[in-house]
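Here's the structure we're looking at; comments come further down.
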Amino acid sequence: MSSLLEVKNVTKRFGGVVANRNVTFDIEEGKITGLIGPNGAGKSTLFNMVSAVFPPTEGEIWFHNERIDSYPSYKIAPLGISRTFQNLQVFKNMTVLENVMVGLHTRTSSGIVAAALRLPISKKEEDFIYKTSVEMLKFVELEDICDLEAGKLSLGKLRLLELARALATSPKLLLFDEIAAGLNHQETLEMSNLILKIRDLGISIFIVEHDMDLVMRICDKIIVLDQGEKIAEGTPKEVQNNPRVIEAYLGADEEQEGSA
Ligand code: ADP
Ligand code: MG
């Protein structure tokens with residue numbers, strides 16, 4: 001077993017709010033690791049630190065035996081960490097294909113400034129970007145609508161587009177923040193099959209998700225946060241039967257369903 005990502009004693013404070021407190025865990029290569037917990041538990045904050053949106057207040061984050069917690073975000077993607085966001089970040093007036101291509105433009109030798117200024121890049125680079133983007137759209141089964149404006153897509157298809165864009169950067173570790181939020185039953189099932197397909201490519205996955213059927217079905221390991229602290233870690237079965245987890249999170253769900 002080799003650890004791909006190691007989170008060591010990480011604390012994050014926003015003024016008086018402690019969003020994460022002394023959190024420690026690791027993510028194994030080639031596995032799907034889930035992060036669950038009630039709203040405000042600190043899940044997105046943890047994702048933001050792993051993807052270097054901001055640094056931890058205390059503690060360390062290691063990726064492939066390299067300490068990354070003080071890296072700026074532009075140094076993270078080239079290491080092989082890519083993510084989707086809880087709030088979709090798609091360019092609505094660009095086509096589906098352009099959305100994937102623009103993500104890759106920032107990764108070529110011409111770099112992010114050239115992409116932002118839409119400067120010409122070499123024919124070879126352009127060909128590579130085009131071919132890779134089309135391949136990714138095939139993988140998520142959006143190639144039929146690659147010329148459609150992204151603003152016209154349903155939520156389910158927008159999430160697939162975000163996934164294609166994250167995949168295009170050849171990540172070793174993919175972070176999905178609530179990628180199934182708002183999806184119907186069928187779309188959720190398709191999304192979970194797609195995530196398994198990505199794992200089978202050898203890509204490690206770290207996923208925040210509220211849909212417990214999805215989480216329990218696909219995760220190899222689950223970490224549970226409550227009020228910023230890790231309260232449990234284990235296989236789906238272990239976590240599901242953990243009294244602390246039931247009290248803090250899973251039990252509350254059942255009550256809501258029962259009273260609905
Ligand atoms: P989750 O994703 O589990 O719902 P978050 O990580 O978004 O939880 O939030 C954890 C806590 O940290 C919340 O109290 C939230 O208000 C606070 N928080 C998150 N991000 C920020 C921020 N950028 N500035 C201030 N407080 C924040
Ligand atoms: Mg969140």
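Everything numeric in this text was worked out from a predicted model, so none of it was measured. We count ligands from 1, going down the list as the structure has it; atoms in each ligand are counted the same way.
For the pair K8 and D26, the salt-bridge criterion is not met [side-chain N within less than 4.0 Å of a carboxylate O]. With respect to the salt-bridge test (charged N to carboxylate O, under 4.0 angstrom), the residues D211 and R217 do not qualify. A salt bridge links E135 to K138: at least one charged side-chain nitrogen sits closer than 4.0 Å to a carboxylate oxygen. With respect to E58 and K12, no salt bridge is recorded, no charged nitrogen being found less than 4.0 Å from a carboxylate O. The existence of a salt bridge linking K230 and E233 is confirmed by a sub-4.0 Å separation between a basic side-chain nitrogen and an acidic carboxylate oxygen.
If you look at T45 next to ligand 1, the close heavy atoms, those under 4.0 Å, come from the backbone and the side chain alike.
Checked against a 3.5 angstrom limit, the closest N/O atoms of F54 and ligand 1 fall outside it. For F14, no nitrogen or oxygen atom sits less than 3.5 Å from a nitrogen or oxygen atom of ligand 1, counting backbone and side chain alike.
Applying the side-chain hydrogen bond (donor to acceptor under 3.5 Å, both in side chains) test to D127 and every residue at least two apart in sequence or in another chain returns K123. Shown here are the ring pair (Phe, Tyr, Trp, His ring centres under 6.0 Å) partners of F206, two or more places apart in sequence or in another chain: F25, F47.
Checking atom 10 (C) of ligand 1 against the protein gives a heavy-atom contact under 4.0 Å. Checking atom 16 (O) of ligand 1 against the protein gives no heavy-atom contact under 4.0 Å.
Here the protein heavy atom with the shortest distance to atom 14 (O) of ligand 1 is V17 CG1, 3.7 Å. With respect to atom 8 (O) of ligand 1, the closest heavy atom belonging to the protein is G42 N, 3.2 Å. Shortest contact from atom 13 (C) of ligand 1 to any protein heavy atom: G40 O, 4.2 Å. Atom 12 (O) of ligand 1 has A19 CB, 3.3 Å as its closest protein atom, hydrogens excluded (heavy atom only).
A donor-acceptor pair under 3.5 Å is absent between the side-chain atoms of K92 and the main chain of K152, judged by distance alone.
Among the backbone and side-chain atoms of T45, none of the N, O or S atoms lies under 2.8 Å from the Mg ion (ligand 2).
Applying the 4.0 Å criterion to heavy atoms of N39 picks out, from ligand 1, the atoms 4 (O). Each of the atoms 1 (P), 2 (O), 6 (O), 7 (O) of ligand 1 lies under 4.0 Å from some heavy atom of S44.
Every heavy atom of G37 sits 4.0 Å or more from the atoms of ligand 1.
Under the 3.5 Å distance criterion, with hydrogens and angles disregarded, no donor-acceptor pair is assigned to the side chains of T57 and R13.
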